[in-house]
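Step one of this worksheet: look at the structure below.
Quantities reported herein were computed from a predicted structural model and do not represent experimental measurements. When a ligand or atom number is given, it counts from 1 through the structure's own listing order.
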Amino acid sequence: MTGPVRIEPAIVRVALADRSYDIVIGRGQIATLGARIEALRPHAKTFIVTDGNVALHHLDAVEAALAESGVAHSQLVVPPGEGTKSFKVFADVCEAVIAARIERGDLVIALGGGVIGDLAGFAASAVRRGLDYVQVPTTLLAQVDSSVGGKTAINSAHGKNLIGAFHQPILVIADTTLLDTLPPREFRAGYAEVIKYGLLGDPAFFAWLEANWREVFAGANSASSAREHAIAVSCRAKAAIVARDERETGERALLNFGHTLGHALEAACGFSDRLLHGEAVAAGMALAFVFSARLGLIAAAEAERAVRHLAAVGLPTRLRDIPGRLPDADALLQLMAQDKKVKRGELTFILVRGIGAAFVEPGVDPAQVRAFLSEKLAEQ
Ligand SMILES: NC(=O)c1ccc[n+]([C@@H]2O[C@H](COP(=O)([O-])OP(=O)(O)OC[C@H]3O[C@@H](n4cnc5c(N)ncnc54)[C@H](O)[C@@H]3O)[C@@H](O)[C@H]2O)c1
Ligand SMILES: [Zn+2]
């Protein structure tokens, strides 16, 4: 066989009874896609949903891998970007899947970042009342976060991810070489979610990241398997939480660490290139550490250590790191209150008692948050 040498993949099992599935993580794993699909669903037809950027770099390799195992495939290429998580494109995907005669027993393949995973996964959940699908995540964010756990959604005029379904994939293939074509800024933003797993529950992983992040970023040029390790640990962390709380009635909320303020900052920036999701989450996590220190939950030096690593990789950690003007503290609070994690006027925040010790605090006083944000905005 030609192509890059393949190293044994890491396999993370997501244990959800009859909806359990494997996440296969490793270099060159895309080449195994057809064989893995044929083993799971013999003679299934497939329909690939991808975006223009990903198609340019990786669609040929995916088609070749399917053809090699005799897996029939057709595809739809949609425009890149968050705007694609719309009713319009959702309808396009559903109609294309139906037109391609994909039926129960066949498969949808989501080839792309979180946008494609959310869109194609939701279409798979809806067409014929539920088709199986495979995630082939192509961004770091998608490999460590959005492709795992079965949340799928499109956006409403009223907010992000408001229309969707829980629908687990039957397989996830995270080929780490695909990340080498990702713009560096996108890789760094995805890395914020990797740090998140350390900060919320795994201090040893956080310390490992502090020591090894350069290798994680180095990609194909690196002889080490640090990137694969970081992705596998992240997936294992998410898989364990999802297995215990699939529908987010409790513990899964911890995965929203840094996200309440993060979402407000993203909204304030119009969900634009001004601030990517992972960048917003980085700032949200850093400020959650500083706020926790302010509340006396954690020593200032430990909060500083968390912030230092985020800053070391070039992620924003202060409000003044976000380019352009931000709205005032009241407006930011308003945006946080629109977040679906808000109940009856009290803010639910994920706070920390230490690095690796996050917890859900449902009763945060908005006045205290307002004062904190005003102070941080004044540091501009
Ligand atoms: N379902 C979940 O649990 C979950 C979790 C987190 C985020 N999300 C969603 O994920 C989305 C963000 O995902 P994302 O950050 O992956 O964004 P994305 O899918 O928009 O990808 C980012 C950019 O990178 C490009 N790209 C993707 N892979 C590439 C590659 N290998 N080489 C070159 N370019 C590539 C894309 O075309 C796009 O321009 C948001 O819509 C968010 O709501 C979902
Ligand atoms: Zn996130």
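- With a 4.0 Å heavy-atom cut-off, ligand 1 is reached by the backbone of Leu182 and by its side chain too.
- With rounding to the nearest 0.5 angstrom, the CD1 atom of Ile154 is 5.5 Å from the CZ atom of Phe90.
- Atom 33 (C) of ligand 1 has its nearest heavy-atom neighbour, among Thr181, Leu179, Leu255, in Thr181.
- The proximity of Asp118 to ligand 1, defined as any non-hydrogen pair under 4.0 Å, is limited to the side chain.
- In this comparison of Pro183, Ala153, Ser146, the heavy atom closest to atom 4 (C) of ligand 1 sits on Ser146.
- Within Glu193, the N/O/S atom positioned nearest the Zn ion (ligand 2) carries the name OE2.
- For Glu193, the closest heavy-atom approach to ligand 1 does not fall below 4.0 Å.
- Using a 4.0 Å cutoff on heavy atoms, His277 does not count as a contact of ligand 1.
- When heavy-atom distances to ligand 1 are checked against a 4.0 Å cut-off, Leu276 has no atom that comes that close, whether in backbone or side chain.
- With salt bridges taken as basic N to acidic carboxylate O contacts below 4.0 Å, one links Arg305 and Glu210.
- Note: Asp180 CG to Phe187 CZ = 8.5 Å, rounded to the nearest 0.5 Å.
- Of the listed residues (Glu186, Arg252, Arg185), the one carrying the non-hydrogen atom nearest atom 22 (C) of ligand 1 is Glu186.
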